[in-house]
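These notes concern the structure reproduced below.
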Number of protein chains: 2
Amino acid sequence: MLPPESSFATIDDVLAGMRQRGGRATPARRLLLGVLFRDRQHRSAEDLAGEVQALAPDVNISTIYRNLEEFVRLGVVDRVYFGGGPATYHLSSGRHGHLVCDSCGGVTEVPDEVFVELADALAVRYGFIADRHQFAVAGLCADCR
Amino acid sequence: MLPPESSFATIDDVLAGMRQRGGRATPARRLLLGVLFRDRQHRSAEDLAGEVQALAPDVNISTIYRNLEEFVRLGVVDRVYFGGGPATYHLSSGRHGHLVCDSCGGVTEVPDEVFVELADALAVRYGFIADRHQFAVAGLCADCR
DNA sequence: CTCTATGCAAATCTTTTGCACGAAC
DNA sequence: GTTCGTGCAAAAGATTTGCATAGAG
């Protein structure tokens, strides 16, 4: 019943997946994937662009956006919106939720199990299928309250 | 233990609250409150501006933003961010969560009870105090799946 | 050689801000 | 009369798009 975990374990896996769809393995994609695989934190498109540009200064941010979009479609990357700020992206790893602190902006990842009960209740009572990759709860973290 | 429900039942209640803080009861505020009280749906600042401007065409959208900000601070209005779109605002009514459909964009309000269990679990296990006015879960609604 | 991806610039959309004037108290 | 609120215009931040060209297959 659970949807499968991402089947892309390496950068070349992803690029192979893109080629199957008629896409191409470009240096910009390789670099962006390198940055995404190197560190699984939640980063904005601008952050990611900065890290890619440290390696290849003329990769444009519009290329970053276009490729992130593509990776999200492929299921390689999750996009999560926190509050009003920019979207954040991270490698689609184990299903998890996000606790976003309104005060310090910090993000805590919490395992999926915590949300199972809620997700089931929503399914049963409202016929609503929660997207478990996008769970984000706003509030105050332990440090800030 | 539960924080109190909003103590502003009418437009004049709110304006009185503003005066206590050294603020003023202006026509623009009265109109915006009128629009907010008339219909408790979730609307963007632009939507609200449109409805106010139908009554007073030269109320500027920056005034709408400034007043919404003020109302949020006062606890009169809740601001909720859905996905990447514009923030939505609605009168701070009974505590509730939001189910946002990724497909049709519809918003379903669900009573707070559904989230109590999760909020308690987050508090106990992570020391995280969830903001119950901002609960928003993304997924697919009953109609769209 | 073909067609996709990229760089660059400009456009779009949402929200915020500076400033001078008008209005509430 | 003060001080706060407003309109207007401009700025700011995030993201998207058009177009000509470079480059992957």
Side-chain angles (χ1 to χ4, degrees), chain A residues 11-12 14-35 42-53 55-74 76-77 79-89 105, chain B residues 11-12 14-35 42-53 55-74 76-77 79-89 105:
Chain A
I11 295 177
D12 287 316
V14 178
L15 292 173
M18 307 222 73
R19 253 178 253 127
Q20 281 191 330
R21 295 195 158 200
R24 290 169 190 184
T26 66
R29 284 182 179 165
R30 220 175 271 279
L31 288 169
L32 177 55
L33 287 169
V35 165
H42 302 72
R43 283 164 292 175
S44 67
E46 197 178 7
D47 293 339
L48 293 166
E51 296 186 40
V52 168
Q53 286 163 353
L55 307 169
D58 50 358
V59 171
N60 194 274
I61 193 162
S62 67
T63 298
I64 301 290
Y65 275 108
R66 285 189 272 232
N67 284 325
L68 286 172
E69 182 76 41
E70 195 63 26
F71 295 157
V72 169
R73 251 200 301 276
L74 253 171
V76 177
V77 161
R79 169 167 39 204
V80 186
Y81 297 99
F82 297 141
T88 67
Y89 302 83
Chain B
I11 294 177
D12 287 316
V14 178
L15 292 173
M18 308 221 71
R19 247 166 298 187
Q20 281 190 331
R21 296 196 155 198
R24 291 167 189 184
T26 66
R29 284 182 179 164
R30 219 175 270 280
L31 287 170
L32 177 55
L33 287 168
V35 165
H42 302 73
R43 283 164 291 175
S44 68
E46 196 179 8
D47 292 340
L48 293 165
E51 295 185 40
V52 169
Q53 287 162 353
L55 308 168
D58 50 358
V59 172
N60 195 275
I61 194 162
S62 66
T63 298
I64 301 290
Y65 275 109
R66 285 189 272 234
N67 284 325
L68 286 171
E69 182 78 42
E70 196 63 26
F71 295 156
V72 169
R73 253 200 300 277
L74 253 172
V76 177
V77 162
R79 169 167 40 206
V80 185
Y81 297 99
F82 296 142
T88 66
Y89 302 83

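The chains referred to below are lettered A, B, ... by the order of the sequence lines, with proteins before strands, and numbering in each begins at 1.
In this structure, the CZ atom of B:Arg79 is 15 Å from the P atom of C:dT14, given to the nearest Å. Spacing between atom CZ of A:Arg73 and atom P of C:dT4 amounts to 14 Å, rounded to whole angstrom units. The interatomic distance linking A:Gln20 (CD) with D:dG25 (C1') rounds to 15 Å, in whole Å. One can place CD1 of A:Ile64 at 13 Å from P of D:dT16, the figure rounded to the nearest angstrom. The CZ atom of A:Arg29 sits 12 Å away from the C1' atom of D:dG23 (whole-angstrom rounding). In this structure, CD of A:Glu69 is placed 14 Å from P of C:dT6, rounded to the nearest angstrom. Atom CG of B:Asp58 and atom C1' of D:dG5 are 14 Å apart (whole Å). For A:Arg19 and C:dA5, the CZ to P distance is 12 Å, given to the nearest whole Å.
Under a 4.0 Å N-O distance rule, the pair B:Arg66/B:Glu69 does not qualify as a salt bridge.
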Output a table of nitrogen or oxygen pairs between the protein and nucleotides 17-22 of chain C separated by less than 3.5 Å.
residue, atom, partner, partner atom, Å
C:dG18, O6, B:Arg66, NH1, 3.3

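The shortest distance between the side-chain N/O atoms of B:Tyr65 and the OP1/OP2 oxygens of C:dT15 is below 4.0 Å. For C:dT6, the OP1/OP2 oxygens have a side-chain nitrogen or oxygen of A:Asn67 closer than 4.0 Å.
Among the atoms of the strands shown, none is found under 4.0 Å from any heavy atom of B:Pro57. Residue contacts for B:Gly85: at a heavy-atom cut-off of 4.0 Å it reaches no nucleic acid atom on any strand shown.
Taking both residues in full, the closest heavy atoms of A:Leu31 and A:Ala56 are given as CD1-CB, 3.5 Å, listed atom of the first, atom of the second, then distance. The minimum heavy-atom distance linking A:Val59 with A:Gln53 is given by the pair O-NE2, 2.8 Å. Closest of all the heavy-atom pairs between B:Ala28 and B:Thr63 is CB-CG2, 4.0 Å. The two residues A:Arg43 and A:Val35 make their nearest non-hydrogen contact at NH2-O, 3.2 Å. For B:Tyr81 against A:Gly84, the heavy-atom pair with the smallest separation is CE2-CA, 3.4 Å.
Both B:Ile61 and A:Ala28 lie near DNA chain C, and the one whose nearest nucleotide falls closer to the 5' end is A:Ala28.
To the nearest 0.5 Å, the span separating CD on B:Glu46 from CD1 on B:Ile64 amounts to 11.5 Å. Here A:Tyr65 contributes atom OH and A:Leu48 contributes atom CG; the two are 9.5 Å apart, rounded to the nearest 0.5 Å.
Residue pairs meeting the side chain to side chain donor-acceptor pair (under 3.5 Å) criterion with at least one partner in residues 18-31 of chain B, sequence neighbours excluded, are B:Asp12-B:Arg30, B:Arg29-B:Asn67.
Across D:dC8, C:dT6, C:dT15, the shortest atom-to-atom separation from the side chain of A:Thr26 is found for C:dT6. You'll find that the side chain of A:Thr63 is closest to C:dT6, out of C:dT6, C:dC8, D:dG7. Comparing atom distances between the A:Asn60 side chain and each of D:dT15, C:dG7, C:dT14 picks out C:dG7 as nearest.
For the helix from C:dC1-D:dG25 to C:dC25-D:dG1, the terminal axes (five pairs an end, C1' atoms, rotation from four pairs onto the next four) enclose an angle of 30°, given to 10 degrees.
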_The test is side-chain contact (heavy atoms from CB on, under 4.5 Å); show your working for A:Leu32 and A:Leu68 and say whether it passes._
CA-CA 9 Å; A:Leu32 177 55; A:Leu68 286 172; 4.2 Å; yes

